Amino acid sequence: MINVGLLLIRLVIGVLFIGHGAQKLFGWFGGYGIKGTGGWFESIGIKPGVTMAVMAGLTELIGGILFALGLLTPLAGILIAGTMVMAIIKVHAANGLWATQNGYEFNLTLLVVAIGVALIGPGQFTIDYFLF
């Protein structure tokens, strides 16, 4: 049953990160695309905005794909955790912990889940299981 639980965690978190990456890169799912995200990044002091939007979008997209597939899972966990650390530092930390105040509660949860799965392993239903 643990393998099914890890599969569910990986799929949900991975697919959500794929979606966030697609929002930044392609403007899908209500996102603003590279230029819009880049402009917002510039407005909060992340420069150069467009370059950083591409980097963030690729990190989320690739991290999400790898995490969902269970491929190179430790790397996937690091990519996801890294984007959440940046989100906490640059956007949410000043607002405190709670999400109701735009705090970092949800970002911290995603960070811990990604690192937790990377540390304990992605389970049996993964590409890693067959490769390594």
Side-chain angles (χ1 to χ4, degrees):
M1 292 307 281
I2 191 167
N3 291 306
V4 173
L6 286 166
L7 175 65
L8 291 172
I9 292 167
R10 285 192 354 268
L11 286 176
V12 169
I13 301 300
V15 169
L16 290 174
F17 271 89
I18 292 167
H20 277 280
Q23 287 177 320
K24 288 175 180 66
L25 295 171
F26 314 120
W28 296 354
F29 313 116
Y32 299 108
I34 294 170
K35 288 186 181 184
T37 303
W40 180 70
F41 277 11
E42 290 267 346
S43 77
I44 62 169
I46 301 174
K47 297 177 182 181
V50 169
T51 300
M52 297 306 285
V54 170
M55 289 178 62
L58 286 173
T59 301
E60 290 175 346
L61 183 71
I62 293 167
I65 290 168
L66 294 175
F67 202 74
L69 294 174
L71 175 60
L72 305 173
T73 306
L75 173 62
I78 290 168
L79 293 173
I80 290 171
T83 61
M84 291 301 91
V85 167
M86 289 304 298
I88 290 168
I89 291 169
K90 297 302 283 182
V91 180
H92 300 284
N95 301 318
L97 175 64
W98 303 112
T100 53
Q101 304 300 314
N102 198 29
Y104 60 90
E105 170 187 12
F106 185 61
N107 307 95
L108 180 62
T109 302
L110 294 171
L111 186 155
V112 171
V113 167
I115 294 297
V117 171
L119 289 172
I120 65 171
Q124 193 173 20
F125 304 125
T126 67
I127 295 175
D128 283 347
Y129 182 80
F130 293 105
L131 293 178
F132 307 108

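Numbering starts at 1 and runs along the sequence shown. Computed from a predicted structure; not experimentally measured.
In this structure, K24 and A56 approach most closely via the heavy-atom pair CD-CB, 4.1 Å. Considering every non-hydrogen atom in both A81 and A114, the closest pair reads N-CB, 4.4 Å. Between G77 and A118, the shortest heavy-atom distance links the atoms CA-CB, 4.2 Å. Nearest heavy-atom pair across A76 and G63 is CB-O, 3.7 Å. Contact record, P122 with G70: CB-CA, 4.4 Å, taken as the closest heavy-atom pair.
A distance of 11.0 Å separates CD1 of I78 from OG1 of T73, quoted to the nearest 0.5 Å. Atom CZ in F132 sits 9.5 Å away from atom OG1 in T126 (nearest 0.5 Å). Atom CH2 in W28 sits 11.5 Å away from atom CD in Q23 (nearest 0.5 Å). If you take NE2 on H20 and OG1 on T37, they are separated by 11.5 Å, rounding to the nearest 0.5 Å. Between the CZ atom in F130 and the CZ atom in F125 there is a gap of 8.5 Å [rounded to 0.5 Å].
L111 and L6 fall within a single hydrophobic cluster, where Ile, Leu, Val, Met, Phe, Trp and Tyr side chains are chained together by heavy-atom contacts under 4.5 Å. The cluster map of Ile, Leu, Val, Met, Phe, Trp and Tyr, joined by side-chain heavy atoms under 4.5 Å apart, puts F67 and I2 in the same cluster. I65 and I13 are members of different hydrophobic clusters when ILVMFWY side chains are connected at heavy-atom separations under 4.5 Å. Residues V112 and L119 fall within the same hydrophobic cluster, defined by Ile, Leu, Val, Met, Phe, Trp and Tyr side chains chained together at heavy-atom separations under 4.5 Å. Both L25 and F29 belong to a common hydrophobic cluster when Ile, Leu, Val, Met, Phe, Trp and Tyr are linked at side-chain heavy-atom distances under 4.5 angstrom.
Considering only heavy atoms from C-beta on, N102 comes within 4.5 Å of H92 through its side chain. The side-chain heavy atoms of Y104 and L97, taken from C-beta on, include a pair separated by under 4.5 Å. Side-chain contact between L131 and L72: absent, with no pair of heavy atoms (C-beta onward) separated by less than 4.5 Å. Here the side chains of W40 and V91 are in contact, with some heavy-atom distance below 4.5 Å. A heavy-atom distance below 4.5 Å is found between the side chains of D128 and L71. Inter-residue side-chain proximity for M55 and F41 is flagged as unmet; no heavy-atom pair is nearer than 4.5 Å.
Among residues two or more places apart in sequence or in another chain, the side-chain hydrogen bond (donor to acceptor under 3.5 Å, both in side chains) test is passed with T83 by none. Residues passing the side chain to side chain contact (heavy atoms under 4.5 Å, CB included) test with L16 are V12, sequence neighbours excluded.
No side-chain donor-acceptor contact under 3.5 Å links T51 to the backbone of K47. R10 places no side-chain N or O within 3.5 Å of a backbone atom of V117 that could act as its donor or acceptor partner. With hydrogens and angles disregarded, no donor-acceptor distance shorter than 3.5 Å links the side chain of Q101 to the backbone of N95. For the pair N3 (side chain) and Q124 (backbone), a donor-acceptor distance under 3.5 Å is present.
The neighbour count for F26 CZ, taken as heavy atoms of other residues, nucleotides or ligands under 6.0 Å away, is above 12.
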Stepwise side-chain contact (heavy atoms from CB on, under 4.5 Å) test for L110 and F17: CA-CA 10 Å; L110 294 171; F17 271 89; 4.1 Å; yes
